[in-house]
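Report on the structure given below.
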Amino acid sequence: MALLMTAAVISRAAAAAPDRDVLAALASARPTDEIPVIVSYRASASPQALRKSLAGETRQARRREVAMRLKQAAAIEGRDVVERARAGGARRIRDLWISNAVALRATPDLLRRLLDDPGVSQVRLDRQIDAPIPMIGTMAEGSWNLEMVHAPQVWARGYRGRGVVVGLLDTGVDASHPDLAGRWRGGTNSWFDPYDQRATPHDSTGHGTQVLGLIVGGSSGGSPIGVAPDARWIAARIFDDAGRADESAIHLAFQWLLDPDGDPLTDDAPDLVNNSWSSTEDGLCNSAFQPDIDALVAADIAVVFAAGNFGPGPASSVSPSNNTRVQSVGAVDATGAVAEFSSRGPSACDDAIYPKVVAPGDGVMTSDLSFGGAAHYTLVAGTSFSAPHLSGVMALLRGAAPAATVEQVASAIATTATDIGAAGPDDEAGYGLVDALAALEVLPVERDRDGDGFGASNDCDDEDPNVYPGAREVRHDRVDQDCNGYDLAIRVHYAVYSHDGSALNVRATSGEGARAALEIVGVGAMTWRPRYDDWIWRGATGAVGVARKLSVRGVEGEVAVWPRMPTPSR
């Protein structure tokens with residue numbers, strides 16, 4: 001596996017020193033070569049400082065302030081670095097505001113000038129990693145994994161993850177799978193491809209689809225597969241069509257999670273994010289993503305990582321799972337024993353207990369590529385699949401106790417985990433096997449006055465059972481049924497195909513005006529016309545071709561439209 005190792009950088013009074021690989025690239029590069037690098041600059045707003053200063057704020061305030069302050073710092077303190085890079089002919093400049101950095105491609109001459117820039121604190125190569133490959137699991141009967149973490153017992157209490165949004169950074173998602181399709185949040189703020197290869201959810205290998213099924217999957221195949229089947233998901237595809245991930249693309253995905261719609265004033269970030277990938281071989285510490293982790297935790301977003309498959313030897317932790325403030329998860333089999341392949345601690349970054357907890361990860365059944373909507377399943381093994389069990393449990397708990405912080409939920413899970421192996425926390429099973437029901441018992445579960453499954457902290461009207469996050473929105477009734485901050489006011493005035501079916505004309509308006517961010521699903525983003533106070537699409541029919549039914553969606557939600565079909569001229 002290619003490494004995303006970042007060597008320690010020795011600071012100088014007026015410049016940054018490159019890591020060894022940057023020096024090697026400079027030594028072998030021709031004058032016209034372009035070297036992909038990530039340039040960090042000195043900034044006043046650090047994610048770690050924000051985590052401490054915002055600890056007592058509400059979740060909504062924490063998300064808003066983290067995104068706003070980091071963006072403001074990038075606009076001011078990162079501006080000089082960006083301007084000098086542009087003046088020097090840098091290409092593919094991307095703002096990594098979540099980590100006070102900029103990704104770009106630079107010639108050797110420009111790179112040397114950036115290294116001498118007093119505002120630059122670090123320069124490292126923009127490395128690549130390979131997508132994870134699932135292992136074949138040991139045969140086990142039924143939904144033993146869900147029983148082992150006591151998910152059905154929590155469901156019986158009425159908590160199935162409703163109101164919770166789960167983020168996924170992986171190979172993508174097959175949104176056509178019947179266990180996942182209805183659980184996608186939808187809208188322009190629910191899918192991100194930093195490579196601009198796939199405009200809608202897609203999974204080339206199936207790994208992300210397999211992971212997500214264990215978090216939110218339903219029972220389309222006859223048996224339940226997901227720990228939190230009523231939770232919704234959003235996803236960023238960090239691996240491209242070739243199965244490779246750029247470090248810069250992963251940073252972009254992390255910052256997208258913090259502010260999916262690009263507006264910090266709207267609260268559309270997920271409650272947690274699952275990461276079933278690693279950036280190093282075992283026994284190494286790579287802190288390249290520590291700022292991203294700190295920013296998400298500061299915004300009260302839980303960060304879950306698979307512990308790695310480099311066991312059974314000690315000190316086999318991997319990054320970023322061994323970074324601080326990460327919920328790292330090892331694997332157990334159907335007997336409750338720690339799987340031989342599961343990585344062991346201590347953490348190579350801070351010598352802490354590793355992994356934090358363990359969960360089922362050998363011989364679990366989950367969703368697989370559907371090839372157009374069929375309910376396909378597969379048996380898998382690896383800590384890639386123990387991590388989503390913890391993510392699912394955290395979704396159950398955050399739905400049951402929405403006022404509880406990431407720290408409180410993580411503490412409840414650790415203190416109630418079932419101790420296995422050696423007595424007390426250890427570097428094989430961490431604090432023990434995750435127990436969702438036991439953790440629920442120690443959290444402050446909120447009263448649900450109208451019985452719709454949501455408490456007052458995330459139900460915008462806890463006196464009306466028809467109003468709750470995810471409810472079906474009624475158009476133009478001046479009531480925000482789904483608690484997304486909007487009444488569904490999208491009105492499609494016309495939708496007409498050209499005579500030969502090659503083009504489509506659509507006009508729509510919204511009470512949100514320019515903020516509506518309207519798009520035609522599978523066709524493309526509509527254009528806002530301030531003069532007419534409307535949104536239009538005039539162009540090709542896109543990937544959907546000539547369809548009898550289309551969907552127009554935006555920040556408010558989604559409406560169906562039946563366009564006038566082609567009428568060939570005679």
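Taking W155 as the reference, nothing meets the ring pair (Phe, Tyr, Trp, His ring centres under 6.0 Å) condition, with sequence neighbours excluded.
Between R553 and S190 the shortest side-chain heavy-atom distance does not fall below 4.5 Å. A heavy-atom distance below 4.5 Å is found between the side chains of V364 and H389. M365 is not listed as a side-chain neighbour of S223, based on a closest heavy-atom distance of 4.5 Å or more.
Side chain to side chain, D435 and T416 fail the donor-acceptor criterion of an N or O pair below 3.5 Å. When only modelled atom types and interatomic distance are considered, S276 and H207 share no side-chain donor-acceptor pair under 3.5 Å.
With rounding to the nearest 0.5 angstrom, the CG atom of D203 is 3.5 Å from the OG1 atom of T171. R232 CZ to W184 CH2: the interatomic distance, rounded to the nearest 0.5 Å, is 12.0 Å. Interatomic distance, S176 OG to H376 NE2, rounded to the nearest 0.5 Å: 12.0 Å.
Ion pairing of R237 with D193 is present here, as a side-chain N (NZ or NE/NH1/NH2) and a carboxylate O approach within less than 4.0 Å. A salt bridge links R398 to D300: one of the charged nitrogens lies within less than 4.0 Å of a carboxylate oxygen. Classification of R63 and D271 as a salt-bridged pair holds, one side-chain N sitting under 4.0 Å from a carboxylate O. Using a cutoff of 4.0 Å between basic side-chain nitrogens and carboxylate oxygens, R157 and E441 are scored as salt-bridged.
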From CA spacing to verdict: salt bridge (charged side-chain N to carboxylate O under 4.0 Å, His left out), D487, R478 | CA-CA 6 Å; D487 178 32; R478 299 183 179 180; over 6 Å; no

